[in-house]
Amino acid sequence: MSEEQIKNLEAEFEARIARDEKIEPKDWMPEKYRQTHIRQISQHAHSEIVGMLPEGNWITRAPSLRRKVALLAKVQDEAGHGLYLYSACETLGISRDELYEQLHSGKAKYSSIFNYPTVTWADMGAIGWLVDGAAIINQVPLCNTSFGPYARAMVRVCKEESFHQRQGYEIMLKLCEGTPEQKELAQDALNRWWWPSLMMFGPTDAESTHTEQSMKWKLKRKTNDELRQQFIDQTVPQAEILGLTIPDPDLKWNEERQSYDFGEINWDEFWQVVKGHGPMNKERMKARVGAWERGEWVRDAAMAHAEKQQERKDKKAV
Ligand code: BYC
């Protein structure tokens, strides 16, 4: 293709983005657009399936049948979200095996939040309330992202996330209405999950490498800082209803901005976790790689079965 032809394609692509048209897998797209989407969608898919681990840890210890059913359904939803997202990512020309290899070798990232331990039942409440709450705020704008398969996957994901958020908040509410010890468990979980939840939105806009380009391509519809602020403004009143204290002495309503001011995030901790040195990084990877290895015979059996079926079909056709 000549340089001129590429320029024309680029101009037409930019015009389509400006008109808010969806870009579909077979449409022409700049190579950087394709790569950026593979990066973000696959990180998102990896986050969903690694995100099953901290909660999966509590399914057998849920305090009642009702709580067990709800938690089981939530963790299953997360597996489903991973599947929609891996499928959306594959439409960009990368295979599922390559994506798994990137996760297992540590080449691909997944959300920092899942590298923290879940030490009490209240953590199930805090994850649903805060982590899924943050995920909804981050993901609702993605329903309107420019790449069609990602946008469509996000519509269903967001509907399910709102059930997740409510089941978490309900756990917190029950604990806060319970004994002083139960309320203390809820406060302790909030203390441990608050700051990591704020880190989920990524580095500040000034430090974010991808935001500017991703906003131009309408992959991202809001910046990391805008979404973080929206999350804080929405969550503080919910903590007040619970009667819990947000562990930030600098948190203060700003009348002029009609928003909360908040304290400094520990960015050293964030980057340590992102680079693989969080409290649970090694354990999470060990669990994922172990599951992949233990599942090898299932994949082999499914392939052998598919080959046999195909052979039978071919023989019949002769
Ligand atoms: N953790 O330029 P930036 C869920 C990386 S799961 C780790 O701002 P971008 C759930 C970033 O990748 C929901 N890494 O990046 C599941 C980049 O590194 P690379 C997960 C992070 O992409 C189970 C570098 O830092 N949600 O809901 O423009 C149970 C610079 O950052 C993080 C998604 O995946 C982080 N927190 O913006 C419960 C949503 N933040 O790639 C719940 C989709 C940044 O250059 N993703 N990095 O090596 C996004 O919206 C965006 O990718 C982000 C980051 C806002 C996360």
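Indexing begins at 1, ligand by ligand and atom by atom, following the structure's order. From a predicted model like this one, the values you see are computed outputs, not experimental measurements.
Using a 4.0 Å cut-off between a side-chain N of Lys or Arg and a carboxylate O of Asp or Glu, Glu12 and Arg19 qualify as a salt bridge. Salt-bridge annotation for Lys22 and Asp27: absent, with no side-chain N of the basic residue lying under 4.0 Å from a carboxylate O of the acidic one. Salt bridge present: Asp225 and Arg228 bring a charged side-chain N and a carboxylate O closer than 4.0 Å. Ion pairing of Lys216 with Glu212 is present here, as a side-chain N (NZ or NE/NH1/NH2) and a carboxylate O approach within less than 4.0 Å.
When all heavy atoms of Tyr150 and Gln40 are compared, the pair lying nearest together is OH-NE2, 3.4 Å.
Taking only nitrogen or oxygen atoms, main chain and side chain alike, Met200 reaches within less than 3.5 Å of ligand 1. Considering backbone and side-chain atoms alike, Ser112 places an N or O below 3.5 Å from some N or O of ligand 1. Any N or O atom pair closer than 3.5 Å counts here, and Lys74 shares no such pair with ligand 1. The shortest N or O to N or O distance between Tyr150 and ligand 1 is not under 3.5 Å. For Asn224, a nitrogen or oxygen atom sits less than 3.5 Å from a nitrogen or oxygen atom of ligand 1, counting backbone and side chain alike. Checked against a 3.5 angstrom limit, the closest N/O atoms of Lys109 and ligand 1 fall inside it.
For ligand 1 and Tyr110, the ligand atoms under 4.0 Å from any heavy atom of the residue are 1 (N), 7 (C). Those atoms of ligand 1 that come under 4.0 Å of a heavy atom in Arg39, given as number and element, are 12 (O), 22 (O), 41 (O). Here is the list of ligand 1 atoms found below 4.0 Å of a heavy atom in Trp271: 25 (O). Remark: ligand 1 atoms within the under-4.0 Å shell around heavy atoms of Glu78 are 23 (C), 29 (C), 38 (C). Close approach of ligand 1 to Glu161 is summarised as follows: ligand atoms under 4.0 Å from at least one heavy atom of the residue are 27 (O).
Taking atom 4 (C) of ligand 1 as the reference point, the nearest protein heavy-atom neighbour is Glu48 OE2, 3.9 Å. For atom 40 (N) of ligand 1, the closest non-hydrogen atom on the protein side is Gly202 CA, 3.2 Å.
Under 4.0 angstrom from ligand 1, the non-hydrogen atoms of Asn138 all belong to its side chain. Only the side chain of Phe114 comes within contact range of ligand 1, with a heavy atom under 4.0 Å; no backbone atom does. In Thr209, the parts holding a heavy atom less than 4.0 Å from any atom of ligand 1 are both the side chain and the backbone. Counting heavy atoms under 4.0 Å from ligand 1, residue Asp132 touches it through the side chain alone. Here Glu55 has side-chain heavy atoms under 4.0 Å from ligand 1, and that is the only part of it that gets that close.
Tyr110 and Asn115 share a donor-acceptor pair across their side chains, judged by distance under 3.5 Å alone.
When the heavy atoms of Gln40, Gln139, His46, His44 are ranked by distance to atom 46 (N) of ligand 1, first place goes to Gln40. Comparing Glu207, Lys275, Lys220 against atom 28 (O) of ligand 1, the shortest heavy-atom distance belongs to Lys220.
Put simply, atom 20 (C) of ligand 1 has protein non-hydrogen atoms near it, under 4.0 Å away.
Checked against the 6.0 Å centroid threshold, His46 and Tyr86 count as a close aromatic pair.
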What verdict does the side-chain contact (heavy atoms from CB on, under 4.5 Å) test give for Lys109 and Arg39, after you've listed the backbone C-alpha separation in whole Å, the side-chain angles of each residue and the deciding distance to 0.1 Å? CA-CA 9 Å; Lys109 293 190 168 73; Arg39 180 187 64 79; over 6 Å; no
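Two residues are said to be in side-chain contact when any heavy atoms from C-beta on lie closer than 4.5 Å; Leu53 and Asn57 fail this criterion.
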